[in-house]
2 protein chains.
Amino acid sequence: MIDIALFDEHKLVLEGISGLLSGITDIRIVLYCDNRDVLTEKLKSMQIHVLIMNMHDISVRNLNLIVQLNITIPKLKILIISVIDSEEIVLKTIKAGAKGFLGKDSDRSSLLEAIYTLRNGHDYYSKSITHLLLNRYISSLKADEMNQNTDIGNLSSRQIEILKLWGESYTNQEIADRFFISVRTVESHKNHIMQKLNLKSTVDMVKFAIKNNIIEI
Amino acid sequence: MIDIALFDEHKLVLEGISGLLSGITDIRIVLYCDNRDVLTEKLKSMQIHVLIMNMHDISVRNLNLIVQLNITIPKLKILIISVIDSEEIVLKTIKAGAKGFLGKDSDRSSLLEAIYTLRNGHDYYSKSITHLLLNRYISSLKADEMNQNTDIGNLSSRQIEILKLWGESYTNQEIADRFFISVRTVESHKNHIMQKLNLKSTVDMVKFAIKNNIIEI
DNA sequence: CTGAATTTACGTGTTACACGTAAGGGATTT
DNA sequence: AAATCCCTTACGTGTAACACGTAAATTCAG
């Protein structure tokens with residue numbers, strides 16, 4: 001048996017969703033709520049599996065509600081329903097901690113699917129959302145590839161070694177000790193790196209090293 | 001009419017795919033190729049819409065082939081078929097420039113769907129691939145969120161201003177001039193930032209600033 | 001083998017950082 | 001009203017890092 005809570009500030013929507021779920025034997029709606037202020041308190045006192053929440057807009061209040069619920073009641077899975085399936089709203093709600101999102105392409109069967117999926121501990125996104133996220137991811141993958149391949153190859157292996165340690169906040173002296181060379185030599189290496197890459201400052205050198213996966217953020 | 005090329009080093013696979021596509025009136029296989037060395041030349045001399053390529057393994061040769069084809073024949077859409085639908089192979093082929101990927105869950109109808117989708121200029125990924133990519137993206141989104149929210153809020157607006165300029169490789173003197181304050185004050189601000197955030201070096205300060213979107217890479 | 005690049009290193013002057021100290025202002029608390 | 005906390009400003013002093021030039025030994029490729 002799955003216990004559901006419904007939250008929306010319009011009672012009509014509550015009734016509509018409620019109707020869609022009537023007749024399902026293993027789904028039970030145990031809370032209807034149209035008041036944001038009492039929602040958290042009520043949810044805290046009950047053992048609810050899935051909260052279905054309608055997102056009319058992407059207000060900070062809504063996002064905060066999701067974040068707060070995830071903190072106070074981690075077991076509760078939040079399923080978002082929204083007619084607005086813009087990238088922004090989807091990404092922000094997921095980041096806030098929603099475990100499912102039903103876009104405007106969803107029907108009764110995908111609602112049920114989503115509830116069962118969330119109950120089983122997995123995420124659920126309707127088709128349109130899936131496409132949207134996927135496109136975004138793919139293009140970010142491709143963008144990644146574009147931004148690779150600067151001229152790390154021009155640096156010698158020694159120079160990269162130095163850069164790597166320096167990028168982990170070692171002092172020149174520590175680097176010198178590690179390689180059994182003089183501090184002045186470490187300085188020379190860094191000078192050469194700066195000249196070779198035409199960098200103006202050490203800040204730029206950090207950025208370069210990060211871009212080229214020489215150091216981790 | 002869509003013109004297709006098939007590439008695989010095993011002739012059996014070529015015949016198998018060919019069989020799946022026979023009887024489709026608007027799809028025409030115009031090139032069967034089992035030899036990597038002549039593939040590019042033949043493709044260059046023909047006007048082919050979709051290349052179907054079987055990926056037995058994720059070798060550099062295969063990935064390079066995709067990259068090279070995308071450079072020399074940009075109009076050509078590459079559709080990958082593979083029984084290995086590991087994350088690695090999928091991500092790498094997509095990054096290399098493949099426009100579609102059919103995992104082991106695919107059947108004849110999804111092959112057709114993929115061909116038409118690619119011909120229309122869109123990407124196509126079979127269900128298992130879609131799930132795989134989506135999970136990866138979602139977890140990266142959530143990881144992002146985890147790594148956010150360090151204690152940027154503890155920095156005063158003045159301190160952030162200083163950090164921002166310094167992160168763009170301005171010298172202390174330049175920053176001082178811009179704000180009509182002493183160089184020593186700029187130093188003080190940076191000292192306070194380091195103390196407050198418990199940073200050991202300026203390298204760490206750059207990393208902090210990047211993590212918290214104060215400066216761009 | 002020869003020229004170019006790498007690795008090593010120093011000199012000298014400037015800039016940045018570390019750590020402490022401190023005064024004045026604004027906001028909040030007691 | 002006084003005490004407290006934080007922010008902004010600033011200095012003193014010593015150390016570390018950087019800028020720029022120079023240079024020798026080594027390595028590497030044409």
Side-chain angles (χ1 to χ4, degrees), chain A residues 149-217, chain B residues 60 148-217:
Chain A
N149 303 331
T150 0
D151 28 21
I152 182 180
N154 289 335
L155 289 184
S156 72
S157 55
R158 191 57 147 183
Q159 286 164 345
I160 292 176
E161 280 182 316
I162 304 278
L163 192 49
K164 202 173 274 180
L165 285 186
W166 175 77
E168 292 169 24
S169 304
Y170 287 89
T171 63
N172 288 349
Q173 187 60 60
E174 288 169 330
I175 297 170
D177 292 345
R178 178 151 313 199
F179 293 135
F180 305 107
I181 56 178
S182 152
V183 181
R184 313 306 308 281
T185 308
V186 178
E187 286 177 3
S188 275
H189 281 301
K190 290 204 275 183
N191 281 335
H192 294 151
I193 291 170
M194 304 266 277
Q195 282 168 21
K196 193 183 274 187
L197 300 175
N198 197 29
L199 303 175
K200 294 186 297 294
S201 69
T202 54
V203 173
D204 287 338
M205 194 151 62
V206 180
K207 292 177 183 175
F208 172 87
I210 291 171
K211 265 195 294 200
N212 291 86
N213 299 316
I214 296 170
I215 63 175
E216 294 290 317
I217 299 187
Chain B
V60 182
Q148 290 297 324
N149 301 335
T150 359
D151 25 23
I152 184 181
N154 289 335
L155 290 184
S156 70
S157 55
R158 190 58 147 183
Q159 287 164 345
I160 293 176
E161 280 182 318
I162 304 279
L163 191 49
K164 201 172 272 178
L165 285 184
W166 175 77
E168 291 169 25
S169 302
Y170 287 89
T171 64
N172 287 348
Q173 187 61 61
E174 287 169 332
I175 297 170
D177 292 345
R178 178 151 315 198
F179 292 134
F180 304 106
I181 56 179
S182 153
V183 180
R184 314 304 309 276
T185 307
V186 178
E187 287 176 2
S188 274
H189 280 302
K190 289 205 274 183
N191 282 336
H192 294 152
I193 292 170
M194 304 267 275
Q195 283 169 20
K196 192 181 277 187
L197 301 174
N198 197 29
L199 303 174
K200 292 187 299 294
S201 68
T202 54
V203 173
D204 287 338
M205 193 151 63
V206 180
K207 293 177 183 174
F208 172 88
I210 291 171
K211 266 196 290 199
N212 291 86
N213 299 316
I214 296 171
I215 62 176
E216 294 290 318
I217 298 186

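Naming convention: chains lettered A, B, ... in sequence-line order (proteins, then strands); numbering from 1 in each chain.
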*Asks:* May I ask you to check whether over 12 heavy atoms, not counting those of A:Lys196, lie within 6.0 Å of atom NZ?
*Replies:* yes
*Asks:* Do B:Ile152 and B:Ile160 pass the side-chain contact (heavy atoms from CB on, under 4.5 Å) test, and can you show the C-alpha distance, the side-chain angles, and the key distance before you say yes or no?
*Replies:* CA-CA 9 Å; B:Ile152 184 181; B:Ile160 293 176; 4.2 Å; yes
*Asks:* Evaluate A:Gln195 against A:Asn191 for side chain to side chain donor-acceptor pair (under 3.5 Å), listing each step before the verdict.
*Replies:* CA-CA 6 Å; A:Gln195 282 168 21; A:Asn191 281 335; 5.8 Å; no
*Asks:* For the pair made of CD in A:Gln195 and P in C:dA5, what is the distance, rounded to whole Å?
*Replies:* 13 Å
*Asks:* Mind listing the residues from residues 199-206 of chain B sitting with a heavy atom below 4.0 Å of DNA chain C? Number order is fine.
*Replies:* B:Lys200, B:Thr202
*Asks:* Of the residues in residues 181-191 of chain B, which ones touch DNA chain D at a heavy-atom distance under 4.0 Å?
*Replies:* B:Ile181, B:Ser182, B:Arg184, B:Thr185, B:Ser188, B:His189
*Asks:* Using five base pairs at each end to define the local axes, how bent is the helix from C:dC1-D:dG30 to C:dT30-D:dA1, to the nearest 10°?
*Replies:* 50°
*Asks:* Applying side chain to side chain donor-acceptor pair (under 3.5 Å), can you list everything that pairs with A:Arg184, at least two apart in sequence or on another chain?
*Replies:* A:Glu187
*Asks:* When B:Lys190 is tested against each of B:Asn172, B:Thr185, B:Leu163 for side-chain contact (heavy atoms from CB on, under 4.5 Å), which residue passes?
*Replies:* B:Asn172
*Asks:* Quick one, A:Glu161 with A:Arg158, criterion salt bridge (charged side-chain N to carboxylate O under 4.0 Å, His left out). Give me CA distance, side-chain angles, the key distance, then yes/no.
*Replies:* CA-CA 5 Å; A:Glu161 280 182 316; A:Arg158 191 57 147 183; 3.1 Å; yes
*Asks:* Measuring from atom CE of B:Met194 to atom CD of B:Gln159, what distance do you get when rounded to the nearest 0.5 angstrom?
*Replies:* 13.0 Å
*Asks:* When rounded to the nearest 0.5 angstrom, what is the spacing between CG in A:Leu199 and CD1 in A:Ile193?
*Replies:* 9.0 Å
*Asks:* Say you draw a straight line from CH2 of B:Trp166 to CD of B:Glu174; how long is it, rounded to the nearest 0.5 Å?
*Replies:* 14.0 Å
*Asks:* Heavy-atom distance under 4.5 Å between the side chains of A:Leu165 and A:Phe179, does that happen here?
*Replies:* yes
*Asks:* Does the side chain of B:Ile217 come within less than 4.5 Å of A:Ile217's, by heavy atoms?
*Replies:* yes
*Asks:* Check DNA chain D against residues 163-177 of chain B and give the residues with a non-hydrogen atom under 4.0 Å, in numerical order.
*Replies:* none
*Asks:* Nearest 0.5 Å, please: how far is NZ in B:Lys200 from OG1 in A:Thr171?
*Replies:* 12.0 Å
*Asks:* If I take atom CD from residue A:Glu168 and atom CD1 from residue A:Ile175, how far apart are they, to the nearest 0.5 angstrom?
*Replies:* 9.5 Å
*Asks:* Is any side-chain heavy atom of B:Leu197 less than 4.5 Å from a side-chain heavy atom of B:Asp204?
*Replies:* no
*Asks:* Kindly check if the number of other-residue, nucleotide or ligand heavy atoms within 6.0 Å of CG (A:Asn154) is above 12?
*Replies:* yes
*Asks:* Can you pull the contact range of chain A along DNA chain D, 5' to 3', using atoms under 4.0 angstrom from its heavy atoms?
*Replies:* D:dA17 to D:dC20
